[in-house]
Each structure stands twice: as C-alpha cells, then as structure tokens.
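This report refers to the structure that appears directly beneath it.
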Amino acid sequence: IPKSLLRCSKVHKMQTQVGDSVKSIVDPHDIDPKLVQNLAYDALVWCSLRGLLVGDRNSEKSGTVPGVGMVHAPVALLPMSFPESHWKQACEVAPIFNELVDRVSQDGEFLQESLSRTKKVDPFTSRLLEIHSKMLEINKIEEIRLGLHRSDYMLDEQTKLLLQIELNTISSSFPGLGCLVSELHRSLIQLYKEHIDLDPNRIPTNNAVNQFAEALAKAWNEYGDPRAVLMFVVQSEERNIKTLAEIDALGELRQDGTLVVDGQAVAVVYFRAGYAPSDYHSESEWKARLLMEQSRAVKCPSISYHLAGTKKIQQELAKPNVLERFLENKDDIAKLRKCFAGLWSLDESDTVNDAIEKPGLYVMKPQREGGGNNIYGENVKEALLKLQKEGTGSDAAYILMQRIFPKISHSILMREGIPHKEQTISELGIYGSYLRNKTEVVINQQAGYLMRTKVSSSNEGGVAAGFAVLDSIYLV
Ligand SMILES: N[C@H](CCC(=O)N[C@@H](CS)C(=O)NCCC(=O)O)C(=O)O
Ligand SMILES: [Mg+2]
C-alpha cells in the first residue's frame with residue numbers, strides 16, 4: 001500500500017453492541033476519501049482479473065462476442081454487516097424449504113386448485129398450468145427431481161424478524177457472481193488490514209457456483225446415459241446453449257421418452273429462461289416447453305417446481321394449517337412459519353381496504369419473475385381501486401404482501417468504475433440445492449448465498465434491472 005496511505009488515520013470503528021459482545025464494524029461513509037479511492041481502484045482491478053464482470057450495456061458488441069464489451073459487476077465496496085443469528089436461521093431453513101418445494105410439487109391437485117382462479121385471468125400462468133394439466137393427464141412421474149432455488153429475505157428493522165420475500169425455484173440468478181463478491185471483500189479486507197479493522201473470516205465462505213454445478217452433474221449422473229448432455233435454456237443472443245425456439249426447431253421425443261436436441265440426447269435441462277412471458281415469443285416456445293416436460297430429461301425446474309415457486313403458492317402456503325399438509329416435523333413447520341411475512345389474497349376485503357388506506361405498508365405482486373413487476377406505494381391503492389371498479393376477477397392475478405422495512409445502512413456502491421456513498425437496504429438470498437431420485441434424497445443443502453444491496457429509496461431490487469449491486473455479508 002502506498003506510503004502516503006499509511007499516514008491515514010485508522011478508519012473509525014463504530015462500536016455497536018450486538019448481543020453481549022462488542023463488535024466493531026466500519027461505517028464506510030467514515031472512510032478517508034483517499035483510502036476509498038485506493039480501495040475502489042484495487043476492487044476494480046480484482047474484478048477485472050477474477051471475472052467479476054457483466055456485459056456492458058453501453059457497448060453495442062456486448063452479448064454477441066465472448067470477452068468483448070464487459071464491465072465490472074455492480075458491487076458494494078465493503079461487505080454489509082448482518083447478525084450471525086439471522087444468518088444461521090436463514091441457512092437452517094434452506095433444506096426445509098427445499099423439501100417443501102418437492103412435496104408441494106407432488107401435489108398436483110393443490111397446485112391446480114390454488115391457481116385455479118389465477119388461471120382464468122393470467123394468460124402466462126394459465127399456459128404453465130395447461131402443461132401441468134397435461135402431465136397429470138398422462139400421469140407423468142418425475143423420478144429424478146432437481147431444484148436449484150434461492151430464498152430471499154429482508155431483516156425487518158422494527159421486529160428484528162427475518163422475513164422471506166420470495167422463494168425462487170426457476171433461474172435463480174447470480175450463484176456464480178455471488179461467490180466472487182465474497183472473495184473480493186475478503187481480499188480487500190486482508191489487503192487493507194492496517195487501515196480497516198475487520199476480520200476476513202467474518203465473511204461466510206460462499207460456494208454457490210460449485211454446489212449448483214455439483215447438483216447439475218449429479219443429476220446428469222442419476223440420469224445414467226454417459227452420452228447424454230446437460231442443456232442450458234437461455235434467452236437469445238447467448239451462445240453454446242439453446243433458446244426455447246431452437247429447442248422447438250431441433251428437438252424431438254423418442255419412443256422411450258428420451259429428449260433429443262440437435263441430434264444429442266439430453267439428460268438435464270437447466271432453465272435460465274422460460275420464467276417470463278417475454279421468453280415465449282410465439283407458440284414455438286410453448287411447444288418446446290411441453291416437449292421437454294413430456295420427456296424423461298431431468299428438468300430444473302420441472303413445471304411443478306416452477307408453479308410451486310409462484311407468489312400465489314407462497315401466499316397459500318402461509319395460510320393456517322397448510323404447511324401441515326406437506327411437512328410432518330412440527331419444529332420444521334414452526335421454523336418456516338417464523339419467516340413468513342404477511343401474505344394475503346385479494347379476496348380478503350379487510351386487508352384490501354387497509355391496503356387502500358395505507359398502501360405504503362404493502363407490496364402487490366403478480367405471478368411474475370425476473371424483477372420489475374411488483375407494485376408499491378400509491379400505485380398499490382390505484383391498482384386495487386381499479387380492480388374493484390373493473391370487477392372482472394382480475395384480482396386473482398395478484399397477491400398482497402406486507403412491506404418489509406429493513407435497517408438503512410451506509411454503503412459505497414461501485415458502478416462503472418465510480419464509488420458512490422449511498423444510504424442502502426439489503427436483501428439476503430440463500431441458495432438451496434436439492435436432488436432426489438425416486439425415494440432417495442441425493443442432495444438437500446444450503447448452497448451459498450447472494451447479498452444484494454440497493455439505494456434505500458428504490459422500490460425495485462434487481463441487479464440485472466440496474467437497481468441493486470452485488471454484496472456480501474460481514475457477520476456481527
Ligand atoms: N438472465 C436471467 C435472469 C433470471 C432472473 O431474473 N432470475 C430471478 C429469479 S426468477 C432472479 O434471481 N432475480 C434476481 C436477480 C437480480 O437481482 O437481478 C438469468 O440470470 O438466468
Ligand atoms: Mg423471483
């Protein structure tokens with residue numbers, strides 16, 4: 001570190017009482033500006049060398065030619081402090097949520113019944129349900145089931161409750177980049193240990209990408225055909241993998257149920273697309289989805305896993321006595337219930353009226369994935385009044401959820417090479433991997449984490465959507 005820095009005063013340590021021990025955490029906004037510049041520079045070099053990169057929206061070549069038009073991923077400069085007790089709680093419920101998704105996925109009647117009114121007013125979810133119905137009609141059994149989930153939480157400041165935002169069962173983003181951010185922060189703290197009094201070991205190890213890859217590989221192994229491939233389904237303009245349209249054009253189903261695409265048998269289909277209406281440009285994509293679902297290939301997710309991850313199912317599972325339908329262990333049920341935020345259908349008129357009066361306390365959610373779809377603040381009131389006026393039953397396309405208010409923290413967000421001091425809130429995602437073959441549970445584990453930090457004034461969260469940055473956690 002340049003000598004000039006060594007004269008910097010030690011970074012303020014903000015003493016905070018956590019439980020009975022005094023822990024020191026650094027307030028990033030107190031860090032000497034010169035030190036911030038050096039931290040930022042070293043962080044950018046690290047990102048460049050270690051592939052903590054994303055496509056650069058400003059470069060027209062980005063996304064077409066490998067390695068061209070990249071920029072460092074939007075990251076926080078230092079990790080976000082997070083209570084160790086809540087970290088442990090989030091890790092502990094991961095395998096229970098994995099098992100719940102699997103049990104729910106096997107209850108076709110529950111899925112169809114819970115989504116029956118949504119089916120009438122939400123064309124996209126209706127198409128998914130049609131594929132699911134077809135599978136029920138042919139009594140399709142998915143013997144090998146693979147789930148690569150991410151359960152997202154916010155820590156409610158007032159109640160200190162860790163509350164689940166949603167459980168993603170399809171295309172759970174950033175297992176790869178999330179691991180790298182933990183390593184970046186550990187390296188920076190190590191490098192600047194003379195100036196920043198933090199312990200790199202308080203950043204939990206994050207092995208999400210390897211654990212996801214291991215689950216995909218083991219699913220391929222369970223399928224049992226060494227010549228068969230693992231196929232990623234992605235949005236167009238990506239390569240070496242397939243879009244839904246290509247699968248329709250190149251895919252076929254053999255008599256024995258083997259899925260063959262472009263002449264190759266497919267053992268595992270891993271969806272990193274197919275979760276949004278925009279992924280289905282025509283009937284071609286829907287035919288591809290059905291073709292894959294009808295096949296023996298292991299789908300990640302299957303149509304049932306996909307439906308089990310809808311907000312409507314999340315809301316139904318939060319109703320009294322519903323978890324008891326799927327899980328036996330009372331302690332497990334209690335652990336899940338403890339992290340359920342308020343969740344209501346729009347049939348509950350008291351709640352709807354309260355949301356019209358106090359819209360800021362609610363989030364209104366359609367059955368959509370991929371970010372940018374939820375309704376906040378005054379827009380909740382307008383949307384509810386509009387639905388009441390229309391009276392077309394379209395309210396079944398939405399759920400209402402308690403708005404969670406996490407603690408506002410100081411953070412320095414790196415965007416396009418520039419550090420920005422911001423007031424932020426964060427959302428912790430815990431990855432879970434689950435692999436089952438008939439009655440054998442081959443994998444059921446917590447598989448790393450993703451911390452996303454965004455400017456506190458922003459309603460939407462997504463990193464890809466450009467609101468949040470990738471972060472890691474510092475246990476306090
Ligand atoms: N391009 C697709 C993006 C897939 C996607 O949006 N996934 C949802 C869960 S469904 C998600 O994880 N959203 C949080 C990521 C963020 O904050 O931007 C991919 O990566 O496969
Ligand atoms: Mg989601």
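In what follows, residues are counted from 1 in the order of the sequence shown. Remember, it's 1-based here, ligands and their atoms both numbered in the order they're listed.
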Original post:
With sequence neighbours excluded, what pairs up with His132 under the side-chain hydrogen bond (donor to acceptor under 3.5 Å, both in side chains) test?
Top reply: Gln112

Subject >> Counterpart residues, side-chain hydrogen bond (donor to acceptor under 3.5 Å, both in side chains), relative to Thr258 (two or more places apart) >> reply: Asp256, Arg296

Original post:
Is ligand 1 under 4.0 Å from a heavy atom in the side chain of Asn168, in the backbone, in both, or in neither?
Top reply: side chain

Subject >> Exceeds 12 heavy-atom contacts within 6.0 angstrom, atom NZ of Lys335 >> reply: yes

Original post:
Just wondering, are more than 12 heavy atoms of other shown residues or ligands nearer than 6.0 Å to NZ in Lys160?
Top reply: yes

Subject >> Shortest heavy-atom approach to atom 3 (C) of ligand 1 - which of Phe271, Phe174, Tyr275 >> reply: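 Nearest heavy atom to atom 3 (C) of ligand 1 lies in Tyr275.
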
Subject >> Option from Tyr434, Tyr431, Tyr305, Phe97 for which ring pair (Phe, Tyr, Trp, His ring centres under 6.0 Å) with His149 holds >> reply: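 Result for ring pair (Phe, Tyr, Trp, His ring centres under 6.0 Å) with His149: Tyr305.
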
Original post:
Is any N or O atom of Glu369, backbone or side chain, closer than 3.5 Å to an N or O atom of ligand 1?
Top reply: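 In this structure, Glu369 places no N or O atom under 3.5 Å from an N or O of ligand 1.
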
**OP:** Give yes or no for whether the N/O distance cutoff of 3.5 Å, strictly under, is met between Ile170 and ligand 1.
**Re:**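 Not met; the criterion fails.
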
Ligand-residue contact atoms, ligand 1 with [X], heavy atoms, under 4.0 Å:
X	result
Gln235	1 (N)
Gly462	16 (C), 17 (O), 18 (O)
Arg452	14 (C), 15 (C), 16 (C), 17 (O)
Arg150	11 (C), 12 (O), 13 (N), 14 (C)

Subject >> Aromatic Tyr449 / basic Arg150 pairing, under 6.0 angstrom, 45° off normal >> reply: no

